[in-house]
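Please read the structure below before turning to the comments.
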Amino acid sequence: MIPNRSPRAAWQDTLAHAVSDPSDLLARLELPSDLVSGQARNAFPLRVPEPFIARMRKGDPNDPLLTQVLPLAAESDSVAGYSTDPLGEAAARAGKGVVHKYQDRVLLIASSGCAINCRYCFRRHFPYQDNQISGRHWQDALRYIAADKELREVIFSGGDPLVTTDRRLSEMIRDLAEIPHLQRVRIHTRLPIVIPARITPELTEAMTATRLKPVMVLHSNHPQEIDESVGDAIKQLRQQGVTVLNQAVLLRGINDNVATLTRLSESLFEYGVLPYYLFVLDRVAGAAHFDVPDEEAQALVGELQTCLPGYLVPRLAREIAGEPSKTLLTPLRGNRD
Ligand code: SF4
């Protein structure tokens, strides 16, 4: 007898066919295959889905979307101050898949997979195998959250939590809504940027069907990532009452200039998304070549303030292990070269 399985959604097909062979990616972009470091790729595989590749420029090795995913030899450099756990998440672990850093909110590792492997990812060395939050571990997580009456918000993180099926997300959100002291559920995700078809009616239903206020924080770093398909996905979320914000990472050679950051904020707001945070790089081993020093970042955002209204200027921040909140960096004015 044929098992009664739901048919695979379009986004799941796209996810399953993400490109993992660097030669394939580079051939499509009409670039030489020797741009890739085999060592870097072995340490953290290449993974990039088709809709994101379609927004890359052919023949440009410095394309800002390509350089976020391409394994480079510089990743093998050992740099002082860069570690495998830059945010001290091992110390903040409160159970399998539960990371509790801040008083009123807790983070759940809802998935170990991502649709795209970003080379600067602070969880590129994260021990996902020890943090699978399924079966009885989900019940343990619920008990932990129910026992801490100070918690107001649960954040689904990963990996990318939207790799999880709509049905499972719906079950998890319904379970959380049973905990009286929770008020909000937040999903941090890059999936709607890289596979916009991930925003399905079932997902928006799952996010909005309970009393918990739904928030989605997108992760987009460059205006070239935002096209009409991404805009349509965002519209669906907003129309159903999901608050949509964006956070970006400041990355050397990708978005470390005022013109790009201005266009990013404007492109996001075109679809009603407010820029929330601009993070300086988390010092994760393998990503040092993306770093922009704090003072340069502060000057950039100081200049950004002169180009945009305040509500379109993201807060510049660093996450410091053990601190009770994100650390805001004050923008500087007038001392950029
Ligand atoms: S967790 Fe986010 S930043 Fe890290 S690889 Fe996945 S999508 Fe990229």
Side-chain angles (χ1 to χ4, degrees), residues 81-83 85-89 91-92 99-107 118 120-123 150-157 183-184 186-190 193 213 215-223 243-269 272-284 287-288 290-337:
Y82 284 74
S83 72
D85 181 15
L87 303 186
E89 291 193 314
V99 180
H100 194 179
K101 300 188 217 178
Y102 305 135
Q103 185 174 303
D104 67 332
R105 51 212 188 270
V106 67
L107 193 143
C118 312
Y120 52 85
C121 179
F122 71 86
R123 291 210 183 106
E150 287 188 321
L151 290 173
R152 295 287 173 270
E153 183 165 356
V154 168
I155 302 168
F156 285 139
S157 185
Q183 296 174 355
R184 299 176 295 275
R186 190 192 327 170
I187 293 181
H188 276 225
T189 177
R190 189 150 163 71
I193 302 295
K213 296 277 176 281
V215 181
M216 185 174 283
V217 179
L218 301 173
H219 174 180
S220 174
N221 299 317
H222 195 282
T243 297
V244 189
L245 306 168
N246 185 66
Q247 64 180 30
V249 182
L250 186 61
L251 298 165
R252 174 66 81 210
I254 291 168
N255 60 7
D256 56 336
N257 63 81
V258 172
T260 300
L261 291 173
T262 301
R263 281 195 294 122
L264 176 60
S265 283
E266 288 176 341
S267 305
L268 289 164
F269 195 64
V273 180
L274 286 171
Y276 167 48
Y277 276 128
L278 175 65
F279 286 109
V280 291
L281 186 77
D282 296 315
R283 293 183 179 128
V284 65
F290 287 115
D291 187 46
V292 176
D294 284 3
E295 202 169 310
E296 190 178 334
Q298 289 169 287
L300 258 174
V301 177
E303 204 172 324
L304 198 60
Q305 285 179 323
T306 67
C307 304
L308 287 168
Y311 60 89
L312 291 187
V313 179
R315 284 178 287 177
L316 182 67
R318 175 180 287 292
E319 185 164 343
I320 300 174
E323 290 293 311
S325 68
K326 306 281 189 291
T327 300
L328 296 182
L329 303 179
T330 312
L332 299 174
R333 289 267 180 80
N335 59 351
R336 275 195 98 215
D337 293 336

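No hydrogens, no waters, no symmetry mates; every other heavy atom, side chains included, goes into these values.
Side chain of R190 to backbone of H219: a donor-acceptor contact under 3.5 angstrom is found. Using modelled atom types, no side-chain atom of Q298 and backbone atom of L332 make a donor-acceptor pair closer than 3.5 Å. Judged purely by atom type and a 3.5 angstrom limit, D104 has no side-chain atom pairing as donor or acceptor with the backbone of R152. In terms of modelled atom types and a separation under 3.5 Å, the side chain of D256 and the main chain of G253 share a donor-acceptor contact. Formation of a donor-acceptor pair under 3.5 Å by the T260 side chain with backbone atoms of N257 is not found in this model. In this structure, the side chain of N255 engages the main chain of N221 through a donor-acceptor pair within 3.5 Å. A donor-acceptor pair under 3.5 Å links the side-chain atoms of S265 to the main chain of L312, judged by distance alone.
Residues P314 and L304 have side chains in contact (heavy-atom distance under 4.5 Å, counting atoms from C-beta outward). In this structure, the side chains of L308 and E266 come closer than 4.5 Å at one or more pairs of heavy atoms. A 4.5 Å side-chain heavy-atom check between V215 and I187 finds every atom pair outside the cut-off. Using a 4.5 Å cut-off on side-chain heavy atoms (C-beta onward), P275 and V313 make no contact.
Counting all heavy atoms, side chain and backbone alike, K326 lies closest to A317 at CB-CB, 4.4 Å. Scanning both residues, P223 and S267, for their nearest heavy atoms gives CB-OG, 3.6 Å.
E319 has a carboxylate O that lies under 4.0 Å from a charged side-chain N of K101, or vice versa, which qualifies the two as a salt bridge.
Under the rule for a side chain to side chain contact (heavy atoms under 4.5 Å, CB included), the partners of R105 that lie at least two apart in sequence or sit in another chain are Y102, E153, I155, R186. F279 meets the ring pair (Phe, Tyr, Trp, His ring centres under 6.0 Å) test with Y277; sequence neighbours excluded. R318 meets the salt bridge (Lys or Arg N to Asp or Glu O under 4.0 Å) test with D294; sequence neighbours excluded.
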Quiz prompt | Test side chain to side chain contact (heavy atoms under 4.5 Å, CB included) applied to L268 and L264, step by step | solution = CA-CA 6 Å; L268 289 164; L264 176 60; 4.0 Å; yes
Exercise. Apply side chain to side chain contact (heavy atoms under 4.5 Å, CB included) to the pair L87 and I320, showing each step before the final yes or no.
Key: CA-CA 6 Å; L87 303 186; I320 300 174; over 6 Å; no
Quiz prompt | side chain to side chain contact (heavy atoms under 4.5 Å, CB included) assessment of V280 paired with V292 | solution = CA-CA 7 Å; V280 291; V292 176; over 6 Å; no
Practice problem: Test side chain to side chain contact (heavy atoms under 4.5 Å, CB included) on L328 and L316 and set out the steps. | Solution: CA-CA 6 Å; L328 296 182; L316 182 67; over 6 Å; no
Practice problem: Begin from the C-alpha positions of E303 and R333 and carry the test salt bridge (charged side-chain N to carboxylate O under 4.0 Å, His left out) through to its verdict. | Solution: CA-CA 6 Å; E303 204 172 324; R333 289 267 180 80; over 6 Å; no
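With rounding to the nearest 0.5 Å, the separation of CZ in F290 from CZ in R252 is 12.0 Å. In this structure, the separation between CE on M216 and CG on N246 is 12.0 Å, given to the nearest 0.5 Å. The OG atom of S157 sits 7.5 Å away from atom CD of E89, with the distance rounded to the nearest 0.5 Å. The structure places CG of L278 at 5.0 Å from CG of L250, a figure rounded to the nearest 0.5 Å. Remark: L245 CG to H188 NE2 distance equals 8.5 Å, nearest 0.5 Å. Note that OH of Y120 is 6.0 Å distant from CG of L251, once rounded to the nearest 0.5 Å.
When only modelled atom types and interatomic distance are considered, D282 and Y82 share no side-chain donor-acceptor pair under 3.5 Å.
More than 12 non-hydrogen atoms from other residues, nucleotides or ligands lie less than 6.0 angstrom from CD of E323. Crowding of K213 atom NZ: a count of heavy atoms from other residues, nucleotides or ligands under 6.0 Å not exceeding 12.
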